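Scroll down for the structure; my scribbles are underneath it.
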Amino acid sequence: MNIIVCVKQVPASNETRLDPVTHTILRDGAAILNPFDAYAVEEALRLRERLGGEITALSMGVPAAQSMLRDVQALGVDRAVLLTDRAFAGSDTLATATALAAAVRHLGGAGLILCGRMASDGDTAQVGPMLATMLDLPCVTDVAAVEAITGHSARLLRLTDEGYQRVETVLPAVLTVVKEINVPRLPSVAGILRAEQLEVRRLTAAELGVDAAQVGLKGSATRVTATGRPPLRGQCRRLTGTLEDMARSVARALRGEEADSHD
Amino acid sequence: MPLIEPMTPALSGYLSDESRTQGQAEYIAFPRSEEEIAQVLRWCAGHGVPVTAQGGMTGLAGGASPQGGLALNLSRMDRILGLRRDGAGTWFLRVQPGVRLLQVRKALKEKSFQISQWDEASVAALRDFRPGEAFFSPDPTETTASIGGMASCNASGARSYLYGATRTKIHALRAVLPDGSVTALERGVHRARGREALLPLTDGSTRRVLLPEFETPPIKDAGFYLRRDMDLADLFMGSQGLFGILSELELELTPSPALLWGVTAFLPDHAAALRYVRALKGQEGAPLPDRPAAIEFFDRRALRLVEEQKAETPAFRQLQELPEDYNCAVYAEFNPREPSLFLPTLSALSDILRRVGGDPERTWVARNERELEKLLFFRHTVPETIDLIVEKNRKNDPCITILSTDMAVDDAHFETLFHRYERDLDACGMPCLLFGHIGENHVHPNLLARNREEWERGHRLFEAWAAFVASMGGTITAEHGAGKIKRKLEAIMMGPEKMAQLWELKRQLDPLNLMGPGNVLTEVEA
Ligand SMILES: Cc1cc2nc3c(=O)[nH]c(=O)nc-3n(C[C@H](O)[C@H](O)[C@H](O)COP(=O)(O)OP(=O)(O)OC[C@H]3O[C@@H](n4cnc5c(N)ncnc54)[C@H](O)[C@@H]3O)c2cc1C
């Protein structure tokens with residue numbers, strides 16, 4: 001069974017810090033494979049070991065994302081495709097899914113399309129389901145285990161807020177995976193040296209045959225009008241008094257009773 | 001609050017270090033300045049009260065567990081005092097002794113310093129410092145260790161293969177001597193002449209000390225450092241608070257590497273692992289394009305132990321999965337100054353692995369710091385698992401403690417020692433494992449005694465190894481220091497003659513014999 005894994009390059013950290021002398025922002029420009037996507041890649045490798053077939057890693061991003069795709073190839077992915085074009089710049093989730101869907105069609109489809117649960121920079125978890133909708137495929141999100149799989153159907157375990165849900169789906173399908181699903185491997189010495197010999201294939205909007213108005217900023221349905229900080233929900237209360245008083249207050253709070261308001 | 005407080009049950013946490021050696025004390029002091037250290041020491045000298053220095057209390061040899069008298073706890077002297085750069089472009093960081101390794105690391109990496117009390121020169125120097133451009137290389141794993149404690153144990157870690165132990169990175173220091181006087185020593189400036197050491201005191205006078213006749217071996221060693229013409233600062237390195245209290249240290253920083261990467265290679269047997277290590281060290285075949293920063297070994301028992309623990313410890317679940325039929329593993333880390341060294345080094349490793357009977361497919365490569373954390377996590381789970389098992393075994397018999405050694409010898413004798421460990425571990429009849437800093441000829445055999453009989457047998461084995469290591473000119477403690485729990489091994493290694501000379505050295509610096517009672521030295525017949 002052939003598998004396409006969608007991967008994204010994201011900033012390594014969302015933190016910002018200030019220089020103590022000049023008070024300017026210190027930036028750490030490192031970019032990494034989106035953490036959830038590493039689990040999708042690993043699951044693809046494991047499924048290939050069980051079922052055979054080929055794996056293609058697919059990404060939309062800046063030309064520099066090529067190095068991330070090479071890293072993915074070092075893990076044993078057979079092919080890597082990078083959608084890179086000025087026309088894609090500024091894409092929101094809708095425009096991204098549009099480009100990825102076009103690429104999946106361009107590549108002739110696959111038995112299974114795997115995505116990470118969400119990207120660590122946007123935290124939307126929208127691209128996987130949108131991609132499925134555009135390709136008219138079933139989508140199972142938050143997959144924690146692929147229990148059984150044949151060429152036509154798969155039995156999956158989904159992680160939900162309440163527990164696990166067992167789901168069966170026909171294939172092809174789009175799955176998004178959570179971290180419970182596996183432990184991503186590290187590449188081997190041999191794998192990295194092999195990947196050096198492989199090409200990362202680049203595709204432009206024109207080569208995919210997508211309408212430039214459907215992707216990038218123009219194709220995006222989202223407009224960011226403002227950004228803000230969500231209100232803090234947690235409440236920190238400082239307890240004082242003897243150890244016993246404090247323990248009693250904690251116990252009351254845990255029971256949901258009104259705790260003494262020390263301090 | 002008075003400087004010297006009586007010891008109370010609420011402070012009992014200050015009676016034992018990470019080795020869980022239970023100590024006792026009548027007094028405790030938390031000085032905030034060099035002057036306060038001097039006040040405490042003068043009071044102790046006046047009242048004949050022994051003094052045990054305490055840093056982060058992470059030591060594994062009981063050095064910071066007091067044996068009566070006063071616990072001098074330096075944890076409140078935890079400020080970073082200043083920064084400078086010399087003409088050659090090397091950065092130096094001045095710190096108080098109680099500052100923790102993790103504070104130093106974070107401050108340098110993020111360029112976040114509390115500079116309100118810095119002098120102008122330091123603030124000016126900081127302006128030119130780029131976050132993370134230099135780091136303090138000693139790495140004893142436990143980052144809550146204090147810099148003063150690390151210097152006093154000459155702590156080292158995996159990367160000391162490339163960078164050297166703590167000693168080499170302490171450029172200058174100030175120490176308060178037992179009578180309250182202060183000496184300030186700078187590497188390269190204040191040196192012994194032959195065996196004669198003249199310690200300059202801050203009041204303008206000098207203290208003359210005659211060094212022992214013998215020299216310590218030129219290998220990785222957490223104990224005393226004694227050489228003719230030595231840098232006087234080194235007298236305090238590895239000296240475990242026996243000669244004075246370090247009150248300020250200037251750390252030489254190392255330019256940060258452009259890349260951190262590493263490889264764990266699984267090998268079919270110990271012979272292949274030893275050949276691989278020789279090749280990594282450039283002792284066999286062409287040297288690698290980049291010198292490794294660390295070379296670590298794990299035997300099959302160590303790997304299996306972690307694998308078994310995985311089922312029980314949820315935190316270990318994200319550990320990499322071991323290949324089937326593993327035997328042993330060697331981890332090599334590289335810290336190149338040039339990222340372009342990565343591929344040539346990797347392909348050289350591939351060739352070496354094939355040559356020694358390994359397999360480039362059966363490897364884990366971490367290509368950057370983030371991935372490296374996975375390999376380091378794996379490495380750290382070995383001692384953590386040992387801790388968990390020892391805790392469990394203690395429930396059978398409270399006498400049981402960790403039985404681990406940190407002996408080292410030179411290159412020429414290492415494989416002889418390694419084979420001795422192999423033989424003795426195979427025959428010891430109790431759970432055991434072998435892992436550690438093989439690059440520096442320094443692996444840790446660990447015995448997991450399940451009862452008193454095994455624990456005592458383990459101790460006898462250690463004593464036999466100590467004599468064996470001493471006969472090859474090695475050390476019984478390459479990284480943790482003799483402290484209290486390895487005194488017997490220290491005595492075996494030194495023998496009565498050298499031990500008497502060490503006492504003579506101590507008498508000259510600490511005539512009342514108040515510093516570090518019970519640490520390192522053992523009584524010898526006069
Ligand atoms: C999980 C774990 C792993 C470890 N791994 C390593 C390792 O790989 N390599 C290694 O080398 N160590 C290792 N250690 C041991 C420990 O971290 C080091 O020995 C460390 O250097 C001790 O620092 P500390 O501040 O905790 O010293 P303490 O334990 O507080 O003191 C150590 C000794 O130094 C003396 N001392 C402390 N401060 C001063 C001072 N200012 N002046 C004079 N004497 C002083 C004390 O009296 C004592 O004898 C490990 C410890 C743990 C818990």
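Computed from a prediction, not measured in an experiment: that's the story for all the values here. In what follows, every chain begins at residue 1, and chains take the letters A, B, ... in the order their sequences are listed.
- Heavy-atom distances place no part of R130(B) under 4.5 Å from chain A, backbone and side chain included.
- For R362(B) and F266(B), the positive end is not near the middle of the six-membered ring at less than 6.0 Å and at most 45° from its axis.
- The cationic atom of K109(B) (NZ for Lys, CZ for Arg) does not lie both less than 6.0 Å from the six-membered ring centre of F135(B) and within 45° of the ring axis.
- Your options are L353(B), L343(B), L319(B), and the one with the most heavy-atom pairs under 4.5 Å with chain A is L343(B).
- Only the side chain of F342(B) comes within less than 4.5 Å of a heavy atom of chain A; its backbone N, CA, C and O stay farther away.
- With a threshold of 4.5 angstrom between heavy atoms, Q318(B) approaches chain A through its backbone and through its side chain.
- Using a 4.0 Å cut-off between charged side-chain N and carboxylate O, K8(A) and D37(A) make no salt bridge.
- Cation-pi contact between R117(A) and Y39(A): absent, since separation from the ring centre below 6.0 Å together with deviation from the ring axis within 45° is not met.
- For N182(A), the part lying near chain B is the backbone, with the side chain staying farther off; criterion is any non-hydrogen pair under 4.5 Å.
- Centroid-to-centroid, the aromatic rings of F113(B) and W118(B) come within less than 6.0 Å.
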